[in-house]
**Student:** 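The following block contains the structure, expressed as structure tokens.
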Amino acid sequence: MPGDAPLLGARGHGEPWWLAGVVGQAVGGEPDWAVFVREAVAGAPVEVEVPDRPYPDLTGFELVVAPFVARAAGRVAEACGAGGCPAAVLEGFRQDTARRLARLAARTLVLELHQARTGGRLGGKGSRERFRDFLRLTACRAGLASLVTAYPVLARVLARSALNAADAFAEMLGRLAADRDLLASSGVLGDRGAGTAGGCGPDALTGVAAGAGDSHRGGRAVMLLRFADGARLVYKPRPLAAHRHFNTLVAWFNSRVDGTDLRSPRVLDRGAYGWAEFVEEAPCRSAAETAHFYRRLGALLALLHVLDGTDLHHENLIARGPHPVLVDVETLFHPPLVPSGFADPAARALHASVHRVGLLPQLLVGDTSALDMSAIGGGRAAPSPVETADWAAAGTDTMRLVRRAGRFTGSANRPRLDGVRTDPSAYTDALCDGFRAAYTGLSESRRELLGPEGLLRMFARDEVRFVPRPTSAYATLLHESTHPDLMRDATERQRVFALLRTGALGATALPGLEDEEIAELWRGDVPVFTTRPGATDLWSGTGRRVPGSGGPCGLERVEAKVRALDTVDRQDQERIIRTAMVATSAEPPHRASGGGRPRVAATAPEPERLLSAARSVGDQLVSQAYHDGNRTNWIGLELLGERYWRLTPLAADLACGYTGPALFLAQLASLTGDSRYADAARAALAPVPGLLDALHRRVDDLGVLGSGAFAGLGGIAYALTEVGTLLDDPRVREWAGPATRLSHAAGSAEDGSGVRGGAAGGLVSLLAVHRTTGRAEAWRGAELCAERIAAAPLPTAEGFADGAAGIGWALLRFAGAGGGARYREAGLAALRRAVLGDHEGQAWCRGTAGVALAVADSPDALADPELAAWLAVRAGELAEAAPLADDSLCHGELGVLELLGHTALPHARPHWLRRTGILLAAADRAQPHCGTPGHVPHPGLLTGLSGIGHGLLRAGFPDRIGSVLLLRHSAGIPPGRPGPLRTSVVDHGR
């Protein structure tokens with residue numbers, strides 16, 4: 001037959017083509033996939049008629065892989081025998097398999113299409129006609145033989161995928177036939193389909209949705225089955241003993257926690273596989289039912305937290321009226337993913353916390369956007385933040401690969417009321433109420449859970465999943481490894497898979513699994529590893545036993561957690577829940593709104609009262625910190641792209657990171673002489689030397705970090721200088737040197753120009769460092785930043801943090817320090833533009849207060865009659881306005897008070913006294929209001945507790961504590977105080 005010679009002949013050194021370059025393929029027998037390729041090619045038509053119609057997406061390539069699909073469908077039919085698989089179901093299998101194989105072959109076929117077009121080998125007048133001619137030439141027997149000969153690895157990939165799909169599908173049908181009677185009586189079919197055994201056999205199937213999840217163990221994946229009477233069923237090709245035992249535990253749990261009534265899908269456990277009840281989404285009928293949904297969800301969260309459950313993303317939860325139904329429990333008793341030697345105590349605490357379950361907000365972060373993937377906040381239809389491969393001009397001879405955002409479809413995890421998905425942030429109290437009740441119930445019933453006869457022991461031998469690295473890394477490898485260059489030679493594809501050994505795709509939680517991962521990728525599977533709660537060893541998807549890392553097994557860890565349940569831990573977990581739930585809020589960041597606090601009589605803002613209030617904030621920070629040896633850190637909120645809140649261990653930046661609390665605590669220590677605050681400040685900065693060393697080795701990446709004051713390296717250099725001076729600590733002051741040099745380097749490569757994260761912030765930060773230390777590199781870095789922003793166009797924003805006002809203020813400060821008239825004129829021009837623009841409310845960051853502060857803090861601006869007149873009017877309006885709803889520096893009351901208390905505005909002093917007194921009185925009656933949705937406390941500087949504490953100190957001791965919003969220097973230890981605070985328990989020799 002045409003094309004058979006190159007298919008069957010030898011290549012290179014005489015080996016059969018299907019063994020050429022195939023890694024790990026044993027010689028001595030023709031592999032099953034090679035036989036499959038031979039039969040598929042032999043079954044291809046000699047000539048192909050391509051219908052004259054559009055071919056969107058990859059539908060045209062389905063014609064090319066059709067012989068593989070036909071052979072796979074034939075394999076299913078042969079396995080099932082006569083009448084074993086309805087025609088409609090088999091046709092659905094063909095369509096699913098065709099789509100899968102077309103995706104695998106797409107990159108290679110597009111390359112072949114391009115080469116055929118540029119080589120003039122395609123006939124037809126138009127682009128669509130030439131595309132159809134390509135399909136005609138490639139889908140025929142000779143064309144397919146030529147394709148698989150040129151791309152032997154592609155032949156293997158297609159055949160392996162088709163074989164796996166056929167065998168997994170046939171296996172499911174066989175199991176369904178064998179379990180017909182059991183299914184009819186088990187209750188997993190619900191009210192429908194349970195009357196007679198005949199209603200749930202293969203012959204009653206009307207549809208099978210294959211691939212409802214990742215494929216493992218030779219193409220096996222969850223399948224959703226639909227029967228003629230409307231019944232639906234979930235097939236899971238893995239043991240369901242853990243789910244069966246979880247259902248037993250839930251029944252016990254419901255009897256111990258009043259009002260919970262958790263529901264879990266019924267299952268039929270058949271050993272190596274099982275069947276589960278299909279859970280259908282249903283709306284809530286009232287607001288009370290919705291609140292009960294979230295109370296139950298909080299109880300479920302507590303139960304999963306105690307059982308070390310993970311991976312509760314939006315696809316694993318169904319909102320069935322007032323009941324959150326968990327449909328997958330394969331990751332109970334999950335081993336820890338953070339190495340025991342991991343240095344950051346906050347990172348370890350967060351990983352061990354309730355956040356690990358995955359139910360609370362978990363962001364998938366891209367370059368410009370983020371999307372919540374969690375069970376509580378995810379599930380909305382939205383573009384993916386991460387670009388993926390897609391196809392432009394499909395169905396034409398100019399078809400090409402492009403990178404663009406895919407799209408997530410909506411899920412059923414969030415309850416609906418009156419047709420509208422609920423806002424989870426509105427039900428945080430209900431969530432915490434349920435968590436608290438369940439946590440307490442578990443703690444009070446621990447004797448029934450523990451010990452040789454305890455309920456937890458029934459899980460000891462169950463198979464549970466261990467996820468050593470994000471499955472997205474595997475999916476990326478599988479997709480990228482279909483590049484045409486890798487489809488010619490398996491050695492090249494093996495090199496791509498070997499990236500798993502390098503850490504380029506994320507470090508594995510348990511080194512030594514890479515060989516098993518690569519072997520499963522070659523099978524076309526997402527690698528899967530399992531363990532037993534009562535064991536430490538792992539098993540790969542190929543069945544190979546892999547020694548564990550030692551230490552306690554999953555059951556022992558869970559039992560230890562149950563023994564440790566107490567009120568302090570519960571309160572810590574509730575704080576994490578409330579902080580994490582900020583990410584689900586629709587409230588926009590940086591909203592400066594008035595009101596929202598009860599009216600209280602002003603309290604005289606005496607320095608000692610302000611210091612006492614600041615000490616309360618400092619005590620809260622110290623008590624909420626996580627410690628390990630000489631290092632301290634906090635769990636807090638990070639604002640990504642000024643749009644998305646994320647719960648995370650604090651990084652190093654000044655706005656949200658640990659340098660902010662360190663700066664405030666050092667200021668507090670300098671005023672009180674209390675070594676606890678000094679110790680905490682030093683311990684917070686312990687990772688700085690390692691961070692600076694790491695950044696020094698990655699100079700090319702510094703432009704991404706930037707030199708900004710609050711989100712860049714400039715602010716870190718400023719904070720180190722300030723803390724070193726306040727604590728009279730030469731080691732901390734010395735760290736400011738490399739931070740300054742790195743900020744200088746970042747300023748030469750960054751794109752941003754604002755104060756928060758760009759060159760204006762770097763300019764003023766480095767000026768502050770130079771003023772305090774006299775470092776020449778600080779002045780050179782400031783000069784470089786000034787040159788960059790003076791030459792760049794002004795941003796469209798007008799505010800202080802990211803806009804023209806902050807840039808003008810920075811240039812004027814540089815001019816005043818000796819920078820020259822050029823920068824004075826550029827700074828004045830920027831401020832004139834800023835005062836005429838639109839301002840977002842009263843806030844420092846984006847509003848009138850920030851623009852006015854930029855003018856008030858610039859002597860050259862005050863000498864300009866128009867700017868001075870504008871300032872007088874706006875300052876008066878701000879002074880008379882109602883206090884803002886939160887206390888933060890960024891967009892709250894303390895940002896406005898920084899303006900009203902400025903020495904350039906003496907007429908505003910009475911208003912400053914009044915509003916400071918109101919803030920102090922409110923702080924005496926309730927905890928500070930952070931600049932976060934719902935005023936949820938967090939440690940950060942611009943929007944959190946550290947900034948509020950700093951603002952209170954500024955109000956009481958303006959001559960001793962320099963403004964962090966203006967990057968001013970603090971004077972340090974007042975006269976008469978004890979000498980340098982060296983009573984720290986931190987060992988500086990480490």
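Computed from a predicted structure; not experimentally measured.
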**Student:** Side chains of Phe435 and Val354, heavy atoms from C-beta outward: is any pair under 4.5 Å?
**Tutor:** yes
**Student:** Strictly below 4.0 Å, N to O, side chains only: are Arg646 and Glu638 in salt-bridge contact?
**Tutor:** yes
**Student:** Answer yes or no: is there an ion pair linking Arg631 with Asp628, defined by an N-O contact shorter than 4.0 Å?
**Tutor:** no
**Student:** Would you say that Ile376 contacts Met581 through its side chain, given a criterion of any heavy-atom pair below 4.5 Å between the two side chains?
**Tutor:** yes
**Student:** With distance as the sole criterion, is a donor-acceptor pair present between the side chains of Tyr658 and Asp344 under 3.5 Å?
**Tutor:** no
**Student:** Quick check against the 3.5 Å criterion: does Asn316 have a side-chain atom that pairs as donor or acceptor with the backbone of Asp311?
**Tutor:** yes
**Student:** How far apart are the C-alpha atoms of Arg416 and Cys284, what are their side-chain angles, what is the distance that settles it, and do they pass the side chain to side chain contact (heavy atoms under 4.5 Å, CB included) test?
**Tutor:** CA-CA 6 Å; Arg416 288 181 290 114; Cys284 290; over 6 Å; no
**Student:** Which heavy-atom pair separates Ser707 from Gly758 by the least distance, and what is that distance?
**Tutor:** OG-O, 3.7 Å
**Student:** Distance-only, no hydrogens or angles: does the Arg263 side chain make a donor-acceptor pair with backbone N or O of Pro324 under 3.5 Å?
**Tutor:** no
**Student:** Taking only Lys NZ, Arg NE, NH1 and NH2, and the carboxylate oxygens of Asp or Glu, determine whether Asp308 and Arg356 approach each other closer than 4.0 Å.
**Tutor:** yes
**Student:** Would you please test Val357 and Thr310 for side chain to side chain contact (heavy atoms under 4.5 Å, CB included) and show each step?
**Tutor:** CA-CA 4 Å; Val357 172; Thr310 66; over 6 Å; no
**Student:** Does Asp433 pair with Arg295 as a salt bridge, N-O distance under 4.0 Å?
**Tutor:** no
**Student:** Contact between Leu621 and Ser946 at the side-chain level, heavy atoms closer than 4.5 Å - yes or no?
**Tutor:** yes
**Student:** Less than 4.5 Å apart, any side-chain heavy atom of Trp645 and any of Pro933?
**Tutor:** yes
**Student:** Just by distance, do the side chain of Gln362 and the backbone of His355 share a donor-acceptor pair under 3.5 Å?
**Tutor:** yes
**Student:** Would you call Glu642 and Arg756 a salt bridge, taking side-chain N to carboxylate O under 4.0 Å as the test?
**Tutor:** yes
**Student:** Is the backbone of Gly762 close enough, under 3.5 Å, to the side chain of Ser765 for a donor and an acceptor to pair up by distance?
**Tutor:** no
**Student:** What are the two closest non-hydrogen atoms of Ala684 and Trp634, and how far apart are they?
**Tutor:** CB-CZ3, 3.7 Å
**Student:** Could you tell me if Glu517 and Tyr474 have a donor-acceptor pair between their side chains, going purely by distance under 3.5 Å?
**Tutor:** yes
**Student:** For Arg380, which residues count as a side-chain hydrogen bond (donor to acceptor under 3.5 Å, both in side chains) partner, sequence neighbours excluded?
**Tutor:** none
**Student:** Which atom names give the shortest non-hydrogen contact between Cys656 and Leu650, and what distance separates them?
**Tutor:** O-CD2, 3.3 Å
**Student:** Check whether any side-chain heavy atom of Val464 lies under 4.5 Å from a side-chain heavy atom of Thr331, and answer yes or no.
**Tutor:** no
**Student:** Tell me, with the steps shown, if Leu431 and Leu360 meet side chain to side chain contact (heavy atoms under 4.5 Å, CB included).
**Tutor:** CA-CA 11 Å; Leu431 184 74; Leu360 297 172; 4.2 Å; yes
**Student:** When you measure from the side chain of Thr422 to the backbone N and O of Pro424, does any donor-acceptor pair fall under 3.5 Å?
**Tutor:** no
**Student:** Assess whether ring-ring contact (aromatic ring centres under 6.0 Å, His included) is satisfied between Phe293 and His323, documenting all intermediate values.
**Tutor:** CA-CA 5 Å; Phe293 173 94; His323 294 277; 8.8 Å; no
**Student:** Surrounding CG of Asp693 (heavy atoms of other residues, nucleotides or ligands, distance under 6.0 Å), is the total greater than 12?
**Tutor:** yes
**Student:** Kindly indicate, with the supporting measurements, whether the criterion side chain to side chain contact (heavy atoms under 4.5 Å, CB included) is fulfilled by Arg570 and Val568.
**Tutor:** CA-CA 5 Å; Arg570 176 181 59 74; Val568 174; over 6 Å; no
**Student:** Side chains of Val526 and Glu520: closer than 4.5 Å at any heavy-atom pair?
**Tutor:** no
**Student:** Should the pair Arg421-Glu281 be classified as a salt bridge under the 4.0 Å nitrogen-to-oxygen rule?
**Tutor:** yes
**Student:** How are the rings of Phe246 and His243 set to each other: parallel, tilted or perpendicular (split at 30° and 60°)?
**Tutor:** perpendicular
**Student:** Going by heavy atoms in the side chains, are Thr428 and Thr584 under 4.5 Å from each other?
**Tutor:** no
**Student:** Enumerate donor-acceptor pairs with a distance under 3.5 Å from any side-chain N or O in residues 405-413 to protein atoms, sequence neighbours excluded.
**Tutor:**
from, atom 1, to, atom 2, distance (Å)
Ser411, OG, His314, ND1, 2.7
Asn413, ND2, Ala375, O, 2.7
Asn413, ND2, Gly378, O, 2.9

**Student:** For residues Thr579 and His938, is any side-chain donor paired with an opposing acceptor at under 3.5 Å?
**Tutor:** no
**Student:** Please report the shortest heavy-atom distance between Ala797 and Asp802, naming the atom on each side.
**Tutor:** CB-O, 4.2 Å
**Student:** Is the shortest heavy-atom distance from the side chain of Leu639 to the side chain of Pro589 under 4.5 Å?
**Tutor:** yes
**Student:** Write down the atom of Pro415, the atom of Thr290, and the distance for their closest heavy-atom approach.
**Tutor:** CG-CG2, 4.4 Å
**Student:** Identify the heavy atoms of Ser374 and Gly358 that sit nearest to each other, and give their distance.
**Tutor:** CB-O, 3.4 Å
**Student:** Using 30° and 60° as the class boundaries, would you call the ring planes of His929 and His935 parallel, tilted or perpendicular?
**Tutor:** parallel
**Student:** With a sphere of 6.0 Å drawn around CZ of Arg698, does it hold more than 12 non-hydrogen atoms of other residues, nucleotides or ligands?
**Tutor:** no
**Student:** Could you tell me whether the side chain of Ser743 and the main chain of Ala739 form a donor-acceptor pair under 3.5 Å?
**Tutor:** no
**Student:** Under 4.0 Å between a side-chain nitrogen and a carboxylate oxygen: does that hold for Arg238 and Asp328?
**Tutor:** yes
**Student:** Using 4.0 Å as the upper bound for N to carboxylate O, is an ion pair formed by Glu480 and Arg403?
**Tutor:** yes
**Student:** Between Phe710 and Trp844, is the gap from one ring center to the other below 6.0 Å?
**Tutor:** yes
**Student:** Looking at Asp653, is its backbone amide N or carbonyl O close enough to the side chain of Thr659 to form a donor-acceptor pair, meaning the two atoms are under 3.5 Å apart?
**Tutor:** yes
**Student:** Is it the case that the side chain of Arg404 and the backbone of Trp391 share a donor-acceptor pair, with hydrogens and angles ignored and the cut-off at 3.5 Å?
**Tutor:** yes
